[in-house]
**Q** 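First the structure, which I've put down as structure tokens, then a few questions once you've had a look.
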Amino acid sequence: MAAIKFGVGQSVQRKEDDALIRGKGRYTDDHAPATLHALVLRSPHAHAKFTLDATRARGLPGVAAILTADDVKGFGGLPCLFNLEVDPFTGPPYPILAGGEVRHVGDAVAFVVAETVDKARDAIEAIEVEWTPLPAAIGVVHAVKKGAPQVWPDHAGNVLFDVSIGDKAAADAAFAKAHAVAEISIVNPRVVTNFMETRAVVCEYDARRDHLTLTVGSQGSHRLRDILCQNVLNIPVDKMRVICPDVGGGFGTKLFPYREYALAAFAARKLRKSVKWAADRADHFMGDAQGRDNVTTARMALAEDGRFLGMDVDLMGDMGAYLSTFGPYIPHGGAGMLPGLYDIQAFHCRVRTVFTHTVPVDAYRGAGRPEAAYVIERLVDASARKLGMTPDAIRRKNFIPPRAMPYKTATGKVYDSGDFAAHMKRAMEIAGWKDFPKRARAAKKQGLVRGIGFGSYVEVCGTMGEETANVALDPNGDVSILIGTQSSGQGHQTAYAQIVAEQFGLPPERVHILQGDTDKIATGLGTGGSASIPTGGVSVERATRTLGANLRDIAADALETSAADLEISDGTIRIAGTDRSISFADLAKRPGVDPSKLKASATFTSADGTYPNGTHLAEVEIDPATGKIRIVNYIVVDDFGVTLNPLLLAGQVHGGAMQGIGQALMEQAVYDPKDGQLVTGTFMDYALPRAADGPSFVFETHNVPCKTNPLGVKGAGEAGAIGSCPAVVNAIIDGLWREYKIDHIDMPATPERVWIAIREHQRQHSL
């Protein structure tokens with residue numbers, strides 16, 4: 001059967017790009033009707049008591065209001081939406097404004113509203129604050145030590161929860177009979193999301209209806225509205241409308257509610273005027289949830305032939321000072337993916353979530369799965385070195401074979417499909433794995449060290465919950481889709497249009513997608529966890545199919561034939577094998593048609609999720625004189641089940657891989673261990689990868705259709721960030737091990753760290 005033009009599997013160019021590249025995008029900060037502007041006064045200390053006097057600042061010209069903790073004491077705090085079923089915990093409050101004590105640099109203590117940003121800034125500077133600095137707990141290793149400063153008095157030792165996953169007795173038994181044990185201790189550093197568009201909100205107040213309208217760059221309008229109304233402002237949800245216009249990147253971090261949204265809503269209602277707040281980069285570095293930040297020790301029990309007998313992990317996840325929306329879930333949920341692609345029957349992991357005097361940590365592209373993949377893939381390479389095996393051989397020995405599917409892991413995950421050895425083999429073929437020794441020798445003649453490494457991964461995604469799509473025939477014969485997902489750069493306008501095209505043959509410009517408006521769309525979970533296509537896409541496909549059946553019934557009456565004799569293509573319904581037809585536009589205008597037949601709705605949820613997997617293969621060149629690393633070859637072979645749009649897919653993989661490469665080589669949020677200052681609080685200190693830092697990617701798919709998803713698709717949005725970190729770091733260690741017997745380096749593997757590791761090796765061997 002010939003492929004449908006613009007349909008599933010076609011490389012359709014993104015229909016949304018024309019407006020965006022011409023500067024015609026409409027982001028939150030472009031929203032005009034703001035009569036007042038707001039700024040946040042933030043703490044310069046990681047931990048301090050304080051008193052605040054805003055009397056003089058309130059009297060400055062143009063100042064409309066200054067909100068402090070006393071003004072918002074009737075509000076609820078920001079909620080944590082995760083808890084443990086087996087061992088529930090009670091989290092500390094996350095107040096909208098801190099009162100009397102701050103717990104991280106950037107903690108919000110006042111919200112200033114004025115006629116202009118400059119007048120608000122003058123008022124910020126005029127607020128009198130007396131600070132009494134207190135000791136700070138920075139980093140989980142320090143925070144759990146006896147005598148460390150306490151972030152919250154009700155959580156002794158700064159631990160929120162300390163739980164086990166898996167079977168400790170089985171793991172202990174595996175280690176007792178092991179021929180050898182491989183062990184690693186690694187740091188997954190904290191990172192700052194740094195999307196292109198910083199957060200912003202505009203709140204308009206309708207006094208007649210006592211109604212708020214928030215325009216905000218978020219990853220989900222409905223969840224945001226519900227949390228703000230029900231958990232924070234204590235108002236009915238019908239008193240607020242949330243609109244999400246164009247959103248310039250999110251990566252998980254824009255999914256959550258933030259203090260400024262509630263404060264803008266309260267101020268707008270109090271002052272009966274529109275209020276706008278827009279973050280600068282300093283606000284972003286100090287006020288937005290950050291990512292990763294795990295310290296992990298992992299051991300593998302090994303048989304003599306290289307089989308994995310058991311795995312034991314000790315994981316500590318940094319929560320920061322407060323519990324962000326899904327914060328505690330990230331290390332706990334990620335731990336469930338620690339066995340990776342391997343047949344490991346005996347597994348145990350201790351998970352501790354720890355408070356520190358730092359910005360809260362939450363989901364960042366992959367949300368625990370990149371951290372898990374990094375641990376297992378580093379440990380697999382360490383196991384290979386321990387036994388003198390090659391990294392590919394030990395993987396082939398332990399990969400879960402296709403015949404074992406569906407396979408239930410020791411942590412309860414059920415992999416439905418996949419051929420893990422096949423995508424690794426293909427990556428090796430493309431990379432010229434067999435000829436690597438020749439390239440390594442040639443590099444050495446030039447004074448350089450070459451390394452090559454894998455990152456084979458599996459992740460779980462598409463489990464956000466229930467998503468409903470409403471599809472309707474417009475009067476002009478176009479099709480409109482209303483859905484509660486939210487694009488922040490993924491290309492939903494194009495992807496959903498292709499699903500419609502698959503059934504109706506309509507070009508993308510005739511399919512219109514509306515997202516991000518709680519007044520026009522009844523429900524929605526937003527976008528996160530690579531769920532939009534695996535969940536929302538299924539809903540769109542099913543609703544479109546139902547609409548098609550309705551339209552056939554209408555057309556059968558108009559053409560005086562049976563619906564079974566009709567076919568749909570190019571926005572027209574015709575009697576198969578004839579020239580008798582009726583257009584969508586004529587169907588929409590046909591007299592006497594039941595309006596309910598011109599629309600359809602469908603809902604889908606995937607409790608089982610999808611399990612994309614693949615292999616990233618990196619080849620690097622290290623300059624021992626400077627420590628500088630250059631990626632000279634980068635291969636990705638992924639299994640995404642079914643490819644909806646190869647162009648969109650490649651863009652997702654490239655972008656995710658670059659974020660992982662950035663973390664592997666240069667990104668790290670650094671806090672001073674003594675006073676908790678955010679040392680890397682600007683782009684002068686925090687390094688982001690540029691195009692020149694990345695490789696020329698070679699990307700292929702080796703797809704095995706998903707059996708738990710009706711479309712056969714597996715989520716793809718986060719996969720690039722999951723396979724990249726271990727691939728790059730394993731490649732670096734491969735080179736360092738071959739040349740110097742250096743078997744460890746933590747991310748980010750900066751030139752300084754690499755240079756120091758080489759010099760330390762040389763110093764020890766010169767003694």
**Q** Quick one, Phe50 and Ser43 - any side-chain contact, counting heavy atoms below 4.5 Å?
**A**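 The answer is no; the side chains never approach within 4.5 Å.
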
**Q** In this structure, which one of Tyr415, Phe640, Tyr457 forms a ring-ring contact (aromatic ring centres under 6.0 Å, His included) with Tyr611?
**A**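 Of all the options given, the one that passes is Tyr415.
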
**Q** If you measure from the Lys or Arg side-chain nitrogens to the Asp or Glu carboxylate oxygens, is any gap between Lys254 and Asp288 under 4.0 Å?
**A**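 Result for this pair is no, no salt bridge flagged.
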
**Q** Under a 3.5 Å cutoff, is there a donor and acceptor pairing between the side chains of Gln219 and Ser488?
**A**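 No - no donor-acceptor pair under 3.5 Å links their side chains.
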
**Q** Between Lys168 and Asp312, does any NZ, NE, NH1 or NH2 come within less than 4.0 Å of an OD or OE carboxylate oxygen?
**A**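 Salt bridge between Asp312 and Lys168, a charged N being under 4.0 Å from a carboxylate O: no.
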
**Q** Taking the side chain as every heavy atom from C-beta outward, state whether Pro339 and Thr411 have any atom pair closer than 4.5 Å.
**A**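 Answer yes - side chains close enough.
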
**Q** Side-chain donor-acceptor pair under 3.5 Å between Thr485 and Gln515, yes or no?
**A**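 Yes - a donor-acceptor pair under 3.5 Å links their side chains.
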
**Q** Does the distance from a Lys or Arg side-chain N to an Asp or Glu carboxylate O, for Asp283 and Arg42, drop under 4.0 Å?
**A**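 Result for this pair is yes, salt bridge flagged.
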
**Q** Quick check against the 3.5 Å criterion: does Arg190 have a side-chain atom that pairs as donor or acceptor with the backbone of Val359?
**A**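 It does hold such a pair.
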
**Q** Using side-chain heavy atoms (C-beta onward) and a distance below 4.5 Å, is Thr198 in contact with Asp280?
**A**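 In short, these two side chains do not touch, never coming nearer than 4.5 Å.
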
**Q** Side chains of Met311 and Leu379: does their closest heavy-atom pair fall under 4.5 Å?
**A**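 Counting from C-beta outward, Met311 and Leu379 do come under 4.5 Å.
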
**Q** Below 4.5 Å, heavy atoms only, C-beta onward: do Leu52 and Val129 meet side chain to side chain?
**A**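 Sidechains of Val129 and Leu52: in contact.
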
**Q** With distance as the sole criterion, is a donor-acceptor pair present between the side chains of Glu101 and His47 under 3.5 Å?
**A**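 His47 and Glu101 do have a side-chain donor-acceptor pair below 3.5 Å.
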
**Q** Under a 3.5 Å threshold, yes or no: a donor from one side chain and an acceptor from the other, between Thr325 and Arg223?
**A**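 Thr325 vs Arg223: no donor-acceptor pair found between side chains.
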
**Q** Side chains of Val242 and Ser218: closer than 4.5 Å at any heavy-atom pair?
**A**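 No. Closest side-chain heavy atoms not under 4.5 Å.
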
**Q** So that I know where these two stand, are Tyr364 and Phe195 an aromatic pair - ring centroids less than 6.0 Å apart?
**A**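 No - the distance between ring centres of Tyr364 and Phe195 does not fall below the 6.0 Å cut-off.
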
**Q** Short question: side chain of Arg753, backbone of Asp746 - any donor-acceptor pair under 3.5 Å?
**A**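 Judged by distance alone, yes, a pair lies under 3.5 Å.
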
**Q** Asn613 versus Lys714: any side-chain heavy-atom pair under 4.5 Å?
**A**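 Yes, close enough: below the 4.5 Å cut-off.
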
**Q** Give the intermediate values and the outcome of side-chain hydrogen bond (donor to acceptor under 3.5 Å, both in side chains) for residues Thr527 and Ser532.
**A** CA-CA 6 Å; Thr527 289; Ser532 290; 2.8 Å; yes

**Q** If you define the side chain from C-beta out and look only at heavy atoms, does anything of Glu459 sit under 4.5 Å from Pro612?
**A**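 Sidechains of Pro612 and Glu459: in contact.
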
